[in-house]
There are 2 protein chains.
Amino acid sequence: MAKAKNSIAVSAEEKIREAARRVFTKKGYAATRTRDIAEEAGLNLALLNYYFRSKEKLFAIVMEERMRQFFGVITPLMNDVTTTLDQKIERIVSSYVDMLLQHPDLPLFILNEIRHNSDLFDRFQADRLIQSSHFVTQLKEKQPDIHPLHFVVSILGMTIFPFVAKPVLRSAGGISQQMFVEMMEERRKLIPKWAKAIIKMKP
Amino acid sequence: MAKAKNSIAVSAEEKIREAARRVFTKKGYAATRTRDIAEEAGLNLALLNYYFRSKEKLFAIVMEERMRQFFGVITPLMNDVTTTLDQKIERIVSSYVDMLLQHPDLPLFILNEIRHNSDLFDRFQADRLIQSSHFVTQLKEKQPDIHPLHFVVSILGMTIFPFVAKPVLRSAGGISQQMFVEMMEERRKLIPKWAKAIIKMKP
DNA sequence: GTCTATACAAAGATAGAC
DNA sequence: GTCTATCTTTGTATAGAC
């Protein structure tokens with residue numbers, strides 16, 4: 001029947017999808033039981049199969065959505081022809097910091113699931129995303145001695161890695177949740193500064 | 001019975017431990033079935049329980065070993081009082097590149113399992129590993145304006161992140177296995193250079 | 001110590017009532 | 001569409017023969 005998209009009520013189908021998103025992201029595909037999802041949704045297990053046929057199909061839908069979220073941050077910013085290289089760097093870092101503070105589990109989830117089934121990503125038509133970007137064109141122009149891939153990987157590494165290593169930082173670094181947030185706010189400014197120092201560096 | 005430690009023959013117990021190491025590291029705890037391990041070891045499933053009591057106990061042993069391998073690289077190098085700061089940076093990066101080229105699955109395995117059970121790491125007595133290191137003392141002396149944690153996280157991020165993102169690099173970056181190895185050999189020299197540029201940077 | 005056979009529990013999927 | 005009850009498969013662990 002007509003889904004009340006504008007009402008407060010949420011359809012069972014949507015409840016399940018949202019519950020699945022949370023549980024899959026937190027525990028990963030293999031450790032997630034369909035019963036966990038049903039419980040999280042406050043609904044019965046049978047409805048999951050009624051709407052989505054199988055655990056695998058439901059997962060594919062969630063994964064598609066989450067990959068779009070994860071890679072969607074960077075794609076438009078890399079190819080924005082109206083921004084300078086420095087602006088691009090600032091915006092890419094800042095957007096990732098914003099998004100990952102909201103969704104700290106996302107990188108480890110995405111990267112881990114892709115590792116176990118790299119077709120997931122291949123199907124995502126992100127082929128040669130980096131090489132052919134406007135970002136790379138601008139970087140080559142400004143500093144031809146830096147291999148663009150190295151540069152992009154470093155910026156993303158500096159930005160995303162702290163989220164991947166978060167539990168380790170808490171122990172080995174003595175970092176509380178609040179300190180972690182403050183740390184990432186600092187990095188938001190710090191990483192672009194460092195990136196510029198690297199660009200200006202004499203070879 | 002006496003285990004023939006010096007002979008070519010490997011005990012069943014050891015075969016299972018090694019098989020478990022490979023399978024757990026590749027697939028993660030949840031996706032690993034004890035049958036996979038037995039098969040990989042070329043032995044019967046019952047032996048697994050005979051020697052290790054349960055999947056969980058076997059996993060704990062493997063995990064302990066792998067964490068020691070992953071964190072063991074950095075600990076002694078960070079606290080070596082005979083090396084300069086620059087030398088420490090070079091050696092930390094280089095050692096990780098060496099080790100991770102041999103064991104590319106290690107970071108994602110470790111970080112993902114820790115996320116799902118952070119007690120694993122807490123039990124590892126790595127408390128305040130970074131803060132109290134000789135590395136940090138030297139960095140503070142040379143460049144008091146850089147927060148040491150930011151610096152360490154950035155170096156490790158630039159070094160380790162490529163391995164974590166490897167499947168993505170292959171698609172989005174158009175990187176073959178051979179190109180990946182070459183890329184990491186370049187980074188071995190590049191990252192310390194960049195790190196030095198950051199240290200020398202005017203605030 | 002090592003194996004085969006099997007018990008037992010967990011998890012995915014479906015049947016059928018409402 | 002939504003539920004309870006159940007079937008089936010898979011996976012962990014054990015019993016018992018050799």
Side-chain angles (χ1 to χ4, degrees), chain A residues 1-64 109 112-113 116-117 120, chain B residues 1-64 109 112-113 116-117 120:
Chain A
M1 300 301 119
K3 278 193 280 181
K5 284 205 173 180
N6 296 322
S7 90
I8 296 160
V10 176
S11 69
E13 183 175 352
E14 207 161 329
K15 274 185 195 164
I16 293 171
R17 203 202 332 276
E18 283 171 13
R21 185 162 40 72
R22 286 192 294 274
V23 180
F24 276 137
T25 307
K26 186 166 174 217
K27 315 220 294 183
Y29 178 80
T32 295
R33 293 162 304 161
T34 51
R35 287 181 159 84
D36 298 337
I37 297 173
E39 193 181 347
E40 172 83 16
L43 290 170
N44 192 277
L45 171 61
L47 281 178
L48 191 152
N49 289 76
Y50 176 76
Y51 283 113
F52 299 98
R53 293 277 306 165
S54 72
K55 177 187 179 183
E56 212 176 339
K57 293 231 169 62
L58 177 53
F59 177 75
I61 290 169
V62 168
M63 189 68 186
E64 157 87 23
F109 169 69
N112 203 51
E113 297 300 336
H116 289 89
N117 183 4
L120 285 173
Chain B
M1 300 315 212
K3 278 194 281 182
K5 284 205 172 180
N6 296 323
S7 89
I8 295 160
V10 176
S11 69
E13 183 175 351
E14 207 160 328
K15 273 185 195 165
I16 293 171
R17 200 198 339 272
E18 283 170 13
R21 185 163 38 73
R22 285 191 294 273
V23 179
F24 276 136
T25 306
K26 185 163 175 218
K27 315 219 294 183
Y29 178 80
T32 295
R33 292 161 305 164
T34 51
R35 283 183 159 85
D36 298 336
I37 297 174
E39 194 180 348
E40 172 82 16
L43 291 170
N44 192 277
L45 172 60
L47 282 179
L48 191 152
N49 290 76
Y50 175 75
Y51 283 112
F52 299 98
R53 292 277 305 164
S54 73
K55 176 187 178 184
E56 211 175 339
K57 292 232 170 62
L58 177 53
F59 177 75
I61 290 169
V62 168
M63 189 67 186
E64 158 88 23
F109 168 69
N112 202 53
E113 297 300 337
H116 289 87
N117 183 3
L120 285 173

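Being a predicted model, the structure only gives us computed values, none of them experimental. Within every chain, numbering begins at 1; the chains are lettered A, B, ... in the order of the sequence lines, protein sequences first and strands thereafter.
Between the P atom of D/dA13 and the OH atom of B/Y51 lies a distance of 18 Å, rounded to the nearest Å. When rounded to the nearest whole Å, the span between CZ of B/F52 and P of D/dT14 equals 15 Å. Counting to the nearest Å, the P atom of C/dG12 and the CG atom of A/L48 are 9 Å from each other. Atom CZ of B/F59 and atom P of D/dA13 are 14 Å apart (whole Å). If you take CD1 of A/I16 and P of C/dG12, they are 14 Å apart, rounded to a whole angstrom. Between B/E14 atom CD and C/dT2 atom C1' there is a gap of 18 Å when expressed in whole angstrom units. Remark: P of C/dA10 and CD of B/E56 are 13 Å apart, rounded to the nearest angstrom. With rounding to whole Å, A/E39 atom CD is found 15 Å from C/dA10 atom P.
Geometric assessment of B/K55 against the ring of B/Y29 yields a positive cation-pi assignment under the 6.0 Å and 45° thresholds.
Among all heavy-atom pairs drawn from A/H116 and B/K27, the shortest one is NE2-O, 3.1 Å.
In this structure, the side chains of A/F59 and A/L120 come closer than 4.5 Å at one or more pairs of heavy atoms. B/R17 has its side chain out of reach of B/R21: every pair of non-hydrogen atoms, C-beta onward, lies at least 4.5 Å apart. Between A/F109 and A/K26, every side-chain heavy-atom pair lies at or beyond the 4.5 Å cut-off.
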Where do N or O atoms of nucleotides 3-5 of chain D meet protein N or O atoms at under 3.5 Å, pair by pair?
from: D/dC3; atom 1: OP2; to: A/N44; atom 2: N; distance (Å): 3.3
from: D/dT4; atom 1: OP2; to: A/N44; atom 2: ND2; distance (Å): 2.9

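Comparing D/dG11, C/dA13, D/dA13 by their nearest atom to the side chain of A/N49 picks out C/dA13. When the nucleotides D/dG11, C/dA13, D/dA13 are ranked by their closest atom to the side chain of B/R33, D/dG11 comes out on top.
Atoms CG and OH, on A/L43 and A/Y50 in that order, are 13.5 Å from each other to the nearest 0.5 Å.
A/Y50 comes within 4.0 angstrom of a nucleotide base, judged by non-hydrogen atoms across all strands.
OP1 and OP2 of D/dG11 both lie 4.0 Å or more from every side-chain N or O belonging to B/T34.
Side-chain to base pairing of A/R35 with C/dG12: one donor and one acceptor N or O lie within less than 3.5 Å of each other.
Tested against B/L58 for a side chain to side chain contact (heavy atoms under 4.5 Å, CB included), the candidates B/N49, B/T32, B/L48 yield a single pass: B/L48.
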